[in-house]
Number of protein chains: 2
Amino acid sequence: MRRDSEFDPQDFLPYLLNQAAEALSLEFQRHYRGQYGMLRTEWRVLFHLGCYGEMTAKEICVRGRLHKTKVSRAVAALHRKRFLTRRELERDRRHAVLQLTALGQRVFTDLSRDAHAFDSEVRAAMTPDEATILHRCLIRIARFEAAQRTE
Amino acid sequence: MRRDSEFDPQDFLPYLLNQAAEALSLEFQRHYRGQYGMLRTEWRVLFHLGCYGEMTAKEICVRGRLHKTKVSRAVAALHRKRFLTRRELERDRRHAVLQLTALGQRVFTDLSRDAHAFDSEVRAAMTPDEATILHRCLIRIARFEAAQRTE
DNA sequence: GCTTGTTAGTTACATTTACAACCAATAGTT
DNA sequence: AACTATTGGTTGTAAATGTAACTAACAAGC
């Protein structure tokens with residue numbers, strides 16, 4: 001029973017994208033949440049530190065486009081869990097370099113494997129060409145007007 | 001400074017998808033939030049009613065893959081704003097059919113135009129072929145393991 | 001009719017998030 | 001040195017969300 005000829009929610013990109021993102025996030029959160037009681041932002045922070053090595057909270061904010069308060073609380077939680085250490089820089093004591101502990105590393109390695117498997121599983125639902133294009137489009141969209149939101 | 005050869009967050013689909021979805025949602029929310037003080041779920045409910053015509057809250061839950069509490073609260077808010085009416089069914093008084101008021105219709109029409117323009121703007125960043133494939137992939141992903149989350 | 005089960009929708013409470021104000025360290029200016 | 005601005009990071013509080021428990025209406029079995 002259509003009303004207007006406007007358009008279908010299914011064709012509205014923000015809506016569709018949200019549905020897809022939500023579906024994957026909810027599915028994957030079972031791994032980090034179920035196994036390690038981690039929240040989404042915590043997983044993201046761990047992921048960044050695991051992939052790129054030690055860095056400051058600020059760097060995580062910029063790379064991950066996360067607000068500093070979110071990162072701050074995630075870091076605190078990961079610190080409580082003994083997944084990372086914080087080391088103040090002597091030349092500028094505002095900064096603290098974050099680094100995964102051996103335990104944090106193990107957790108990262110474990111979840112990283114899950115992530116890889118999960119990713120493959122999703123990609124299996126499309127052809128390599130489709131996956132490439134999807135990736136390209138998402139990157140482009142993610143960069144879209146995202147300047148003012150990193151801080 | 002790479003640590004492991006695992007993979008880049010940028011290649012992890014849930015992550016990338018989330019970034020893209022977040023970017024678009026945050027951008028578009030300025031319209032419904034700024035103009036009408038609406039929340040995301042409220043906009044979605046309005047959108048559904050506007051596109052498909054009157055329906056019950058339950059139908060919105062199923063179509064939009066939204067939890068019933070979210071819909072319940074959004075409907076209450078839209079009702080307070082006089083954007084919709086609720087009419088109990090006589091044959092089953094558990095159901096209430098929701099319908100946009102004239103005011104709600106106007107708001108929908110207005111936002112719908114914005115949505116269309118916004119959508120075109122995003123699509124302009126890709127070729128028609130890319131848009132088609134993106135759409136197809138997202139639909140497929142949104143359906144992915146999404147059974148248990150509609151209720 | 002009464003009991004049990006199911007369904008549509010709401011409410012209560014705990015968790016999470018957003019936003020703004022804040023603190024401490026540094027940089028820049030005079 | 002003193003004064004302001006900026007930056008990295010934290011904390012307080014209000015708003016939003018998720019989860020579970022709940023109500024009310026119906027349906028089915030007895």
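Every chain is numbered from 1 and lettered A, B, ... according to where its sequence line falls, protein lines coming before strand lines.
Rounded to whole Å, atom P of dG9(C) lies 6 Å from atom NE2 of His95(B). The interatomic distance linking Glu88(B) (CD) with dT7(C) (C1') rounds to 15 Å, in whole Å. A straight line from NZ of Lys58(A) to P of dA25(C) spans 19 Å, rounded to a whole angstrom. Separating the CG atom of Leu98(B) from the C1' atom of dA8(C) is a distance of 11 Å, rounded to the nearest angstrom. One atom, CD1 of Ile60(A), and another, P of dG8(D), lie 13 Å apart when rounded to the nearest Å. Arg65(A) places its CZ atom 16 Å from the P atom of dA18(C), with the value rounded to the nearest Å.
Shown here are the side-chain contact (heavy atoms from CB on, under 4.5 Å) partners of Gln29(A), two or more places apart in sequence or in another chain: Leu26(A), Tyr32(A), Arg33(A). Partners of His135(B) according to the side chain to side chain donor-acceptor pair (under 3.5 Å) rule, which considers only residues two or more places apart in sequence or in another chain, are Asp11(A).
Using a 4.5 Å heavy-atom cutoff, the side chains of Leu13(B) and Leu138(A) are in contact. Between Cys51(B) and Asp8(A), the closest side-chain pair of non-hydrogen atoms is not below 4.5 Å. For the pair Leu84(A)/Gln99(A), no side-chain contact is recorded, criterion being any heavy-atom separation below 4.5 Å from C-beta on.
At a threshold of 4.0 angstrom between heavy atoms, the contacts of Ala76(A) with the nucleic acid are absent.
Less than 6.0 angstrom separates the ring centroid of Trp43(B) from the ring centroid of Phe28(B).
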>> Across nucleotides 16-29 of chain D, 5' to 3', mark each nucleotide with B, S or - according to how protein heavy atoms within less than 4.0 Å reach it.
In response: S-BBB----BS---
